[in-house]
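Shown next, in structure tokens, is the structure this report addresses.
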Amino acid sequence: MEFIDLRSDTVTKPTDAMREAMASAVVGDDVYGEDPTVNRLQEMMADLVGMEAGLFVASGTMGNVVAILTHAGRGDEMLLGHLAHTFLYEGGASAGLAGVHPHILQNEEDGTIDLDAIEEAIRPDNVHFPISRLLCLEDTHNRCGGAAIGADYLDAAAQLAHSHGMSVHLDGARLFNAAIALGVAASELTRNVDSVMICLSKGLGAPVGSVLCGTRTFIDRALRMRKIVGGGMRQAGIIAAAGIYALENNVERLTEDHANAARLAAGIDAIPGLSCTSHDGSKIPTNLVYFTVDGASIGNPALDANLLSQRLREHGILANSLGSSNQMRMVTHIGIDGGDIEQAITALRSSLEET
Ligand code: TLP
């Protein structure tokens, strides 16, 4: 069976044109800094986010942990939201590899963290406390419904952190989704943060890689940290070429993914027993569609997110269940068109009608 894969925007496969760009890439040994394609990708991304330099890394997780290793030392503390990807889904890398103590604050529904809560959490200078060194933010915010967070909040949070001598790292795995949804340049969102990690292998459709950006000095230090975690790659231009292709061709088209997500969300909301939480008007939505499954409300208490996910698979639709919370996620991307959205909505309806 040919599946419609809505589990994530990480599932995209390179198109023929992207593969051609990869096949013809000029390469060199990037550990010597001699891969012209990697160098070009790093410069392009740094320009797009208005920063001095970029560093190609194997994944978003690697980019985040390299940033943490560069900003903070063992026993230092980083402040981040309880729904941050770095906190939930990166294998505890900040503690395990960087020895950095995570101090968790409540995420608001729109992905932000209350500024007063941040200020209150910053430790005074006292030998009993870890040193509050880093604030980590996420835009778009994955677990907060893929919400796009605007520049005003990011500027204010960065100013607050800086006034206490802290640095700010932005997990911008889907930064271009945020920029497109907000109708601003990516550099407007990053103008006051100290580092940002952007993924090429999500909505941008490249098979591998992320870029970490910051000042020249920061990136020089991050280069050493990337080497330590085994991220020094050699003829990486082969994959960097896909990233360049993605930046040149796949940024503006993210609007299509957002429109498809909005159609999907509206379809889901019209189905009794389902309610969309990512497109409920409380935040700026992008390509992630989160919804809750309430089987009891339609007289079918046994129907939960896990069962619905299994039934959808039988209808040829792949979607992730978030398990106990009875939440599900569907993600639109370059491999999904309007027809797929209609099929997904029909499959959801049929799955809910089955007893
Ligand atoms: N997110 C993946 C899963 O890990 C949950 C997904 O399917 O959404 N930051 C954010 C905000 C992310 O959503 C992800 C991946 C990462 C970092 C990590 O990127 P990779 O998978 O390249 O390590």
Side-chain angles (χ1 to χ4, degrees), residues 5-14 45 55-69 78 80-94 96-97 102 107 110-113 136-149 154 169-179 181 186 189-190 193 195-213 226 229-231 233 236 239-240 242-243 246 254 257 261 278 283 285-290 309 318-323 325 327-336:
D5 197 344
L6 295 162
R7 287 172 302 170
S8 183
D9 46 10
T10 59
V11 302
T12 57
K13 299 192 178 112
M45 191 67 98
L55 184 67
F56 189 43
V57 289
S59 67
T61 302
M62 182 182 279
N64 283 336
V65 76
V66 165
I68 293 165
L69 278 159
M78 65 176 185
L80 77 174
H82 76 297
L83 293 174
H85 190 277
T86 299
F87 179 58
L88 292 178
Y89 301 123
E90 294 177 12
S94 59
L97 297 180
N107 273 119
D110 64 0
T112 61
I113 305 169
C136 292
L137 300 170
E138 186 175 316
D139 196 4
T140 65
H141 200 292
N142 182 342
R143 277 295 305 274
C144 292
I149 301 176
L154 296 171
H169 172 65
L170 182 63
D171 175 346
R174 299 183 178 85
L175 184 74
F176 290 106
N177 291 88
L189 301 174
T190 53
V193 301
S195 59
V196 58
M197 181 284 294
I198 309 102
C199 289
L200 299 158
S201 61
K202 309 241 161 4
L204 298 184
V208 187
S210 300
V211 184
L212 176 64
C213 295
R226 186 186 71 174
V229 297
M233 297 184 280
I239 47 177
L254 292 172
D257 297 345
S278 53
K283 47 200 163 275
T286 54
N287 68 324
L288 309 186
V289 180
Y290 279 87
S309 165
L318 300 182
N320 278 337
S321 151
L322 276 75
S325 62
Q327 273 201 305
M328 290 193 67
R329 186 183 81 165
M330 289 182 165
V331 183
T332 58
H333 51 76
I334 194 166
I336 297 295

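Start at 1 and go down the list; that is how both ligands and their atoms are numbered.
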Could you tell me if any non-hydrogen atom of E90 lies under 4.0 Å from any atom of ligand 1?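 For ligand 1, residue contact (heavy atoms, under 4.0 Å) with E90 is present.
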Considering both backbone and side-chain atoms of [X], is one of its nitrogen or oxygen atoms within less than 3.5 Å of a nitrogen or oxygen in ligand 1?
{"X": "S8", "result": "yes"}
{"X": "G60", "result": "yes"}
{"X": "S201", "result": "no"}
{"X": "T10", "result": "no"}

Given H85, M62, E138, identify the one with the heavy atom nearest to atom 15 (C) of ligand 1.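 The residue whose heavy atom sits nearest atom 15 (C) of ligand 1 is H85.
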Of the listed options (R7, K202, R329), which comes nearest to atom 6 (C) of ligand 1 when hydrogens are ignored and any heavy atom counts?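 Answer by nearest heavy atom: R329.
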Should L175 and L189 count as side-chain neighbours, where that means a heavy-atom distance under 4.5 Å?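 Side-chain contact under 4.5 Å: yes.
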Apply side chain to side chain donor-acceptor pair (under 3.5 Å) to R329 and N142, showing your working. CA-CA 10 Å; R329 186 183 81 165; N142 182 342; 3.2 Å; yes
Hey, which of I113, V193, L80 is the one that makes side-chain contact (heavy atoms from CB on, under 4.5 Å) with C136?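 Only one option passes, and that is L80.
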Which residue owns the protein heavy atom closest to atom 9 (N) of ligand 1, what's the atom, and how far is it? D171 OD2, 2.7 Å
Looking only at protein heavy atoms, which one is nearest to atom 23 (O) of ligand 1, and what is the separation? T61 OG1, 2.6 Å
If you apply the rule side chain to side chain donor-acceptor pair (under 3.5 Å), what do you find for H333 with T12, and how did you get there? CA-CA 7 Å; H333 51 76; T12 57; 5.9 Å; no
For S59, take its heavy atoms, then give the atoms of ligand 1 lying under 4.0 Å from any of them.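 Matching atoms, with element in brackets: 22 (O), 23 (O).
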For R174, take its heavy atoms, then give the atoms of ligand 1 lying under 4.0 Å from any of them. 6 (C), 8 (O), 12 (C), 13 (O)
What I want to check is whether the side chains of Y290 and R143 have a donor and an acceptor closer together than 3.5 Å.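 Side-chain D/A pair, Y290 to R143: absent.
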Thinking salt bridges, do D139 and R174 make one under a 4.0 Å N-O criterion?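 Salt bridge: no.
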Run the numbers on H85 and E90 for side chain to side chain donor-acceptor pair (under 3.5 Å), then give the verdict. CA-CA 7 Å; H85 190 277; E90 294 177 12; 2.6 Å; yes
What pair of heavy atoms forms the shortest contact from E138 to L170, and how long is it? N-CD1, 3.9 Å
